[in-house]
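Every chain is numbered from 1, with letters handed out A, B, ... down the list of sequences.
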Protein chains: 4
Amino acid sequence: MPVHPATLFSIATGSPEPIYRQLVEQVRRMCASGQLRPGDGMPSVRDIAQALALNPMTVSKAYSLLEMEGVLARRRGLGMVVADAAPAAPGDRAELLRPTLERAALEARQLELDPDTVLSLFATILKEST
Amino acid sequence: MPVHPATLFSIATGSPEPIYRQLVEQVRRMCASGQLRPGDGMPSVRDIAQALALNPMTVSKAYSLLEMEGVLARRRGLGMVVADAAPAAPGDRAELLRPTLERAALEARQLELDPDTVLSLFATILKEST
Amino acid sequence: MPVHPATLFSIATGSPEPIYRQLVEQVRRMCASGQLRPGDGMPSVRDIAQALALNPMTVSKAYSLLEMEGVLARRRGLGMVVADAAPAAPGDRAELLRPTLERAALEARQLELDPDTVLSLFATILKEST
Amino acid sequence: MPVHPATLFSIATGSPEPIYRQLVEQVRRMCASGQLRPGDGMPSVRDIAQALALNPMTVSKAYSLLEMEGVLARRRGLGMVVADAAPAAPGDRAELLRPTLERAALEARQLELDPDTVLSLFATILKEST
DNA sequence: GTGGTCTAGACCACA
DNA sequence: GTGGTCTAGACCACG
């Protein structure tokens, strides 16, 4: 039985990032990190939509994209499950964070900031955002 | 005399980031890092648009935003120049990096990664990308 | 006595074609081609559902449709049998293929292919797939 | 300048195939057959929607899928164009029809039809559907 | 019960 | 002008 949707997802409605994309990326990360495993059942579109106060179509769009990516699979008439051919943790989970960190490093260089200054700031942010 | 626009900016038209924002952020960073100094003249909207094959309205929008921010100023008859009122964050340039780092921290948490692991990876990336 | 269901049908649960329709079409073709003859007994819904790991309702739906079409008939106490009233198209079995061929013709036109080229390719495929 | 949408597409609203998918496949075929070439501009979502009496979102969904496939590319603020990296005619255009023809051949075999009968019927359909 | 499709109409970001 | 996103609500196909 799936986890309660409202505890599974956290949506920032004010974010510039579209809601359906926030959902897609959270599911992708949860699969990659092993919080969701192949065969696990996902909450129904309607449950998620109600729990997060979204339109079902928005949730459905996220599910459709995840199905096209091969992250989820449809069991017709039964709902979505995590796909068997799971794009699971590829060796090192931390590598999934590399693109984001590389972008940050690029900006830091463009600002001509000292690496130690940047690392110190990042450490603060990482710990305060518990 | 302004630098040639094509060498000053690097625009990725295929990027998901809007063109006008790429322009804004590049100018902001160049001001913050001292590559552009108060009083420096900026290329005209026309020159940039032609050199980078952009819609002049796009360039104009970027200039307008930078003017509202106080980074650039209009000098009648001369075009845009870098504003005197030092737009460069005098106290802490590193704060400009905070949003990017916060996003990285969010992703790290969703991946359930240990802060030390993340910091260590970031340190590596920061140093290798000379 | 009915053939064992698992050898009688081949179901692709992952196919975009609905399961009940796969069942319906396989039975229809087997009747049309004479593999199933009037009076032959069909496996029970339960047997098929268990053998193919399907929802019994799905099998039942297929049987109901086939009964409405006149392909199968209910014999009380005996289950479903192939109907006497020869559901097999006596005159022209080939007409059952018409919808599929019409779709192929539509695609050929959209690809602006020469009819003779298409016919030649189809002839090759028809003969090689013994 | 793009062709008039109503002459470019033919939609069967009564078909079981979703409208957005009909659009996707028609564009794919027109790219493959060379009727649409890299760089060609596509009609706007609104134009197509009005010409075919569809909801703009339906057309937009088709365009989005084609963009994800790499068939079309977005020129922000300007509309969609046929992508440079066009999945153009791979050697033989007729090969694009092969999957459909193979399916038809499979059904013909299941019906135990004579190849010549099938070919003759197909020839009739191909020519009458001018 | 499940997800999929479509419509109608609003608002936003971008060029 | 362009496409993108979201909502509200209806209907359908499938199991």
Side-chain angles (χ1 to χ4, degrees), chain A residues 2 11 13 15-23 41-49 52-64 66-67 72-81, chain B residues 11 13 15-23 45 49 52-62 65, chain C residues 13 15-23 45 49 53-62 65, chain D residues 2 11 13 15-23 41-49 52-64 66-67 72-81:
Chain A
I11 294 302
T13 53
S15 160
E17 189 176 20
I19 295 172
Y20 79 89
R21 186 167 294 279
Q22 294 182 42
L23 291 171
M42 298 295 296
S44 79
V45 166
R46 290 161 173 85
D47 283 353
I48 296 181
L52 303 181
L54 300 176
N55 184 304
M57 268 203 76
T58 305
V59 182
S60 179
K61 184 172 183 177
Y63 270 13
S64 294
L66 286 162
E67 187 198 6
L72 299 183
R74 271 202 355 248
R75 294 277 172 265
R76 283 180 305 193
L78 301 175
M80 307 290 278
V81 301
Chain B
I11 296 300
T13 53
S15 157
E17 190 175 16
I19 295 171
Y20 83 91
R21 183 168 293 278
Q22 294 183 41
L23 290 170
V45 166
L52 303 181
L54 301 178
N55 187 320
M57 281 189 58
T58 306
V59 181
S60 178
K61 180 172 184 176
L65 287 174
Chain C
T13 53
S15 159
E17 189 175 18
I19 295 171
Y20 82 90
R21 183 169 294 278
Q22 294 182 41
L23 291 171
V45 167
L54 300 177
N55 187 320
M57 281 189 59
T58 306
V59 182
S60 178
K61 181 172 184 177
L65 287 173
Chain D
I11 295 301
T13 52
S15 159
E17 189 177 21
I19 295 172
Y20 80 88
R21 186 168 294 278
Q22 294 183 41
L23 291 171
M42 297 296 294
S44 78
V45 166
R46 291 161 172 85
D47 283 354
I48 295 182
L52 303 180
L54 301 176
N55 185 304
M57 268 203 76
T58 304
V59 181
S60 180
K61 184 172 184 178
Y63 270 13
S64 295
L66 286 163
E67 188 197 5
L72 299 184
R74 271 205 351 250
R75 294 278 172 264
R76 281 180 304 196
L78 302 175
M80 307 291 277
V81 301

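By the 4.5 Å heavy-atom criterion applied to side chains, Val59(A) and Leu52(A) are not counted as neighbours. Side-chain contact between Ile19(C) and Arg76(A) is present, with at least one heavy-atom pair separated by less than 4.5 Å.
Residue Lys61(C) holds its NZ atom at 9.0 Å from CZ of Arg21(C), rounded to the nearest 0.5 Å. Residue Ser60(B) holds its OG atom at 12.5 Å from CG of Leu54(B), rounded to the nearest 0.5 Å. Rounding to the nearest 0.5 angstrom, the gap separating the CD atom in Gln22(B) from the OG1 atom in Thr58(B) is 11.0 Å. Summarising the geometry, atom CD1 belonging to Ile11(A) is positioned 9.0 Å from atom CD belonging to Glu17(A); distances are rounded to the nearest 0.5 Å.
OP1 or OP2 of dG4(F) sits under 4.0 Å from a side-chain N or O of Ser60(D). Side-chain nitrogen and oxygen atoms of Ser64(D) include none within less than 4.0 Å of the OP1 or OP2 phosphate oxygen of dG3(F).
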Fill in the blank from the handout: For DNA chain E, the expected dot-bracket line (Watson-Crick or G-U under 3.5 Å, [ ] crossing, | inter-strand) is ||||||||||||||.
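The minimum heavy-atom distance linking Asn55(D) with Ala49(D) is given by the pair C-CB, 4.1 Å. Closest of all the heavy-atom pairs between Ala62(B) and Leu23(B) is CB-CB, 3.8 Å.
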Problem - Under 4.0 Å protein heavy-atom contact, by nucleotide of nucleotides 6-15 of chain E - B base, S sugar-phosphate only - result: BBBB----BS
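Per the geometry, CZ belonging to Arg74(A) stands 19 Å off P belonging to dG1(E), to the nearest Å. In this structure, CE of Met42(D) is placed 14 Å from P of dT2(F), rounded to the nearest angstrom. Between the P atom of dG3(E) and the CG atom of Leu72(A) lies a distance of 11 Å, rounded to the nearest Å. Rounded to whole Å, the distance from CD on Gln22(C) to P on dC14(F) is 11 Å.
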